[in-house]
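Taking it in order: structure first as structure tokens, then the write-up.
Here the structure is a predicted model, which means the values were calculated and not measured. Only heavy atoms go into these numbers, but all of them, side chains included; no hydrogens, no water, no symmetry mates. All residue numbers in this chain count up from 1 along the given sequence.
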Amino acid sequence: MSDHEQQLAPRRGKVLEALARAERKVFTRPAPKSAKAQVKFLLTRAKGSTKALADRLGVSTRTVQRYRAGQLTTPQKRLQAALVEETESEWQPKVRAQAREQASTFGGMMVTVVAYFGFTASGSSDDGRQRHVTTAISPTYAAQILQLQEAGATEEDSHPIVAKAITESYFTDWGSQCDGLVVHFTDVQSIDFEF
């Protein structure tokens with residue numbers, strides 16, 4: 001993979017990255033830290049196929065073999081980032097699934113976001129502005145957000161559902177206020193989810 005191809009590779013957006021961070025917080029054991037341990041773990045997930053793992057990481061099969069044998073210990077930044085991301089995405093799938101199931105069925109999620117919120121409503125409303133909002137998201141919206149993540153949705157795809165979830169829980173107080181309020185959610189500065 002050339003430097004040009006690496007620059008063109010899409011990065012996860014802030015919402016999707018926040019969901020990944022929330023999943024990492026529920027781990028009951030720390031993920032492997034050393035390159036050798038990460039490669040060994042990923043090889044077990046790849047059923048021992050160095051070629052499959054090398055393709056996932058964007059390196060040669062010989063490089064994978066060297067890390068597994070401990071001949072190489074300090075990966076370059078790009079490979080280190082790939083090892084961490086791949087390891088954490090495969091680490092403790094049952095714990096991650098249990099947390100997602102709980103959030104989708106009865107627990108919901110907490111969200112803390114700093115973003116620009118614009119409003120349209122029948123009647124008057126505040127002008128749009130940047131706000132810092134911390135609120136609970138219902139299990140229904142948590143399930144929709146997690147389904148979007150599983151389906152490989154883009155950052156732009158996730159904004160409307162996150163905006164609806166925040167509108168319902170924070171701005172309309174679960175539908176008891178501001179009937180017909182529509183919130184536009186843009187320019188996300190930071191966002192964190194918690195299962």
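Leu72 and Leu79 fall within the same hydrophobic cluster, defined by Ile, Leu, Val, Met, Phe, Trp and Tyr side-chain heavy atoms under 4.5 Å apart, directly or through other members. By the rule that hydrophobic residues join a cluster once side-chain heavy atoms approach within less than 4.5 Å of another member, Val188 and Phe171 end up as members of one cluster. Both Ile161 and Val133 are assigned to one and the same hydrophobic cluster, defined by single-linkage of ILVMFWY side chains at heavy-atom distances under 4.5 Å. Tyr141 and Met110 fall into different hydrophobic clusters, where Ile, Leu, Val, Met, Phe, Trp and Tyr residues are linked whenever their side-chain heavy atoms come under 4.5 Å apart, directly or through other members.
A salt bridge links Glu90 with Arg56: the closest approach of a Lys/Arg side-chain nitrogen to an acidic carboxylate oxygen falls below 4.0 angstrom.
The number of heavy-atom neighbours closer than 6.0 Å to CD of Gln65, taken from other residues, nucleotides and ligands shown, is above 12. Within 6.0 Å of atom CD in Gln71, more than 12 heavy atoms from other residues, nucleotides or ligands are found, so the atom counts as buried in its surroundings.
In terms of heavy-atom proximity, Gly70 sits nearest to Thr73 at O-CG2, 3.8 Å. Between Leu83 and Thr87 the shortest heavy-atom distance is O-OG1, 2.7 Å. Here the closest heavy-atom approach between residue Tyr67 and residue Pro75 is recorded as OH-CA, 2.9 Å. In terms of heavy atoms, Arg78 sits closest to Leu57 at NH1-O, 3.3 Å. Between Ala20 and Gln149 the shortest heavy-atom distance is N-NE2, 4.1 Å. The two atoms that bring Glu168 and Ser138 nearest to each other are OE2-OG, 4.1 Å, heavy atoms only.
Evaluation of the ring pair (Phe, Tyr, Trp, His ring centres under 6.0 Å) rule for Phe185 yields Phe117, His159 as partners, not counting sequence neighbours. Qualifying salt bridge (Lys or Arg N to Asp or Glu O under 4.0 Å) partners for Arg62, counting only residues two or more places apart in sequence or in other chains: none. Scanning for salt bridge (Lys or Arg N to Asp or Glu O under 4.0 Å) contacts around Glu150 gives Arg100, with sequence neighbours left out. In this structure Ser89 satisfies the side-chain contact (heavy atoms from CB on, under 4.5 Å) test together with Glu86, sequence neighbours excluded.
Taking 4.5 Å as the limit, some side-chain heavy atom of Arg68 sits within range of a side-chain heavy atom of Thr50. At a threshold of 4.5 Å between non-hydrogen side-chain atoms, the residues Val183 and Ile166 do not count as touching. Glu88 has its side chain out of reach of Arg21: every pair of non-hydrogen atoms, C-beta onward, lies at least 4.5 Å apart. Looking only at side-chain heavy atoms (C-beta outward), His132 and Thr112 come within less than 4.5 Å of each other. Residues Met109 and Glu194 fail the side-chain proximity criterion, which asks for heavy atoms closer than 4.5 Å.
The CZ atom of Arg96 sits 9.0 Å away from the CZ atom of Phe195 when rounded to the nearest 0.5 Å. Between the CD atom of Gln98 and the CD atom of Glu101 there is a distance of 9.5 Å, given to the nearest 0.5 Å. To the nearest 0.5 Å, the span separating CG on Leu19 from NZ on Lys14 amounts to 14.5 Å. Residue Ser169 holds its OG atom at 6.5 Å from CD1 of Ile137, rounded to the nearest 0.5 Å. With rounding to the nearest 0.5 angstrom, the CD atom of Gln144 is 12.5 Å from the OG atom of Ser158. Taken from CD in Glu155 to CG in Leu148, the straight-line distance is 11.0 Å, to the nearest 0.5 Å.
Checking side-chain atoms of Asp55 against main-chain N and O of Ala52 turns up no donor-acceptor pair under 3.5 Å.
Each of Val15, Leu146, Val113 was evaluated against Phe193; a single residue qualifies, Val15, per the side-chain contact (heavy atoms from CB on, under 4.5 Å) test.
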Output side-chain donor-acceptor pairs under 3.5 Å for residues 25-43, partner residues at least two apart or in another chain, one line each.
residue : atom : partner : partner atom : Å
Thr28   : OG1  : Gln92   : NE2          : 2.8
Ser34   : OG   : Ala37   : N            : 3.1
Gln38   : NE2  : Pro32   : O            : 3.2

Next on the checklist: As a quick check of understanding, evaluate side chain to side chain contact (heavy atoms under 4.5 Å, CB included) for Ile145 and Val162, giving each step before the final call.
Outcome noted: CA-CA 7 Å; Ile145 292 167; Val162 172; 3.9 Å; yes

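Listed by first and then second residue, the ring-ring contact (aromatic ring centres under 6.0 Å, His included) pairs that reach into residues 46-65 come to none, sequence neighbours excluded.
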